[in-house]
Protein chains: 2
Amino acid sequence: MEVVVPFSPTDPKTRLSGVLSAAERREFAGVMLEDVLDALSRTRGVPEPSVLSTVSLDRDLDVDVVVDDRALTPAVNDVLASSTEPVAVVMADLALATPTALRRLFASDADVVLAPGRRVGTNALVARHPEFRVDYHGASFVDHREAAAQVGATLSVVDSHRLATDVDEPGDLAEVLAHGAGAAADWLRDRGFALGERADGSVHAVRHDE
Amino acid sequence: MEVVVPFSPTDPKTRLSGVLSAAERREFAGVMLEDVLDALSRTRGVPEPSVLSTVSLDRDLDVDVVVDDRALTPAVNDVLASSTEPVAVVMADLALATPTALRRLFASDADVVLAPGRRVGTNALVARHPEFRVDYHGASFVDHREAAAQVGATLSVVDSHRLATDVDEPGDLAEVLAHGAGAAADWLRDRGFALGERADGSVHAVRHDE
């Protein structure tokens, strides 16, 4: 199996602009990537991942980095088309991913295994069917479910809150603070973020003075 | 074991006011309740649930309804204090709940089993420790994790996107449309809701003319 973690380090996580500076967003995206790579490396039976990056990286990682400047969908589809093995694709912003959660992704032997993301995305997948291709645009989980059916692939869906939580919006930071076990949660705390409550009782990541 | 589904039918789901009328919100809350009761009834080994309602219900349900007009926390804590059996508490707005997901809640034999909800809530729990009490206010998942530790209870956490998805906000409706297998998804489709995409590529439940 080939395990690929797509990563786009140029102006990442723009929907966090209201709470993190551009430099902080780049740093936070890198910390989340390292959390994902670390969780994968500790997942029993999973081969070493490689990073599929849109540009060459200035950080030292313990894994191979393949640079492909195309958009996510064609870059991943090129891996799917050229690989002679099953391919797993795990997003780089799954700050809650643990080996236990990831193990469930790899434990199924279905032709296509999907871990849905919030907002109807696809946060992780395993493709064992030679004709399956991705389309990450829009409601990708629904599209991938249909794409699997269209090529006659058996499908399994991983029901995981940890894998469903990609970190894109300020509301997602509260999930990292509450459930994160890796460096991303520490990084947020070091920058003054803590769980806080608004007047209506809703819970958010609130930034205090550092 | 005693299985309780708290329900508050008076002006429910106010955060959906922008997309559903008051009458629709009452109806939708009732449809979700019936989905949860149906999923529980189809979960192997789980006794018949009862509804813990703030007012008497004008709808016919196949299960017992206990009326307690207090707030959620004291009403549930009264059940915990008075029951001589383990108690399960499952929220009434888990429109994605399936027997497979619920089975994981009941499969653990830990003293306290928690299924976190988005926004750091607690969407379902099983309490087998006589001293464990709930506090649903604020970041209840974190509080319940601490409360379990304080009474010396063993803890298990169920990592489920289906159980983590309580339906409170317009953004949650897209989850129901994409993943819902029960009447709530059909109810939304019958009212003209469908998955749609905004200019930035994000996915939402969009309401078309009926």
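The analysis underlying the following values was restricted to heavy atoms, covering all of them including side chains, and did not include hydrogens, waters or symmetry mates. Chain letters run A, B, ... following the sequence lines, proteins first and then strands; every chain starts at 1.
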Checklist entry - Quick one: which residues of residues 144-153 of chain A reach chain B at under 4.5 angstrom, heavy atoms only? => result A/Arg145

Checklist entry - Of all the residues in residues 88-108 of chain B, which have a heavy atom that comes within less than 4.5 Å of a heavy atom in chain A? => result B/Ala101, B/Arg104

Next on the checklist: What part of A/Val142 gets within 4.5 angstrom of chain B, counting heavy atoms only: side chain, backbone, both, or neither?
Outcome noted: side chain

Checklist entry - What residue in A/Gly121, A/Ser160, A/Ala115 has the most heavy-atom pairs under 4.5 Å with chain B? => result A/Ser160

Next on the checklist: With a sphere of 6.0 Å drawn around CG of A/Asp62, does it hold more than 12 non-hydrogen atoms of other residues, nucleotides or ligands?
Outcome noted: no

Next on the checklist: Within the supplied structure, the quantity of interest is the number of heavy atoms (other residues, nucleotides, ligands) at a distance under 6.0 Å from A/Asp78 CG; does it exceed 12?
Outcome noted: yes

Next on the checklist: Within a 6.0 Å radius of atom CG on B/Asp186, are there more than 12 heavy atoms belonging to other residues, nucleotides or ligands?
Outcome noted: yes

Next on the checklist: Between the side chains of B/Arg119 and A/Asp172, is the shortest nitrogen-to-carboxylate-oxygen separation below 4.0 Å, so that they form an ion pair?
Outcome noted: no

Item to check | Those residues of residues 161-170 of chain A, ordered by number, that approach chain B below 4.5 Å (heavy atom to heavy atom) | outcome: A/His161, A/Arg162, A/Ala164, A/Thr165

Next on the checklist: Report, in residue-number order, which members of residues 174-185 of chain A are under 4.5 Å from chain B by heavy-atom distance.
Outcome noted: A/Ala174, A/Glu175, A/Ala178, A/His179

Checklist entry - Looking at A/Ser140, A/Ser202, A/Gly138, A/Gly171, which one has more heavy-atom pairs under 4.5 Å with chain B than the rest? => result A/Gly138

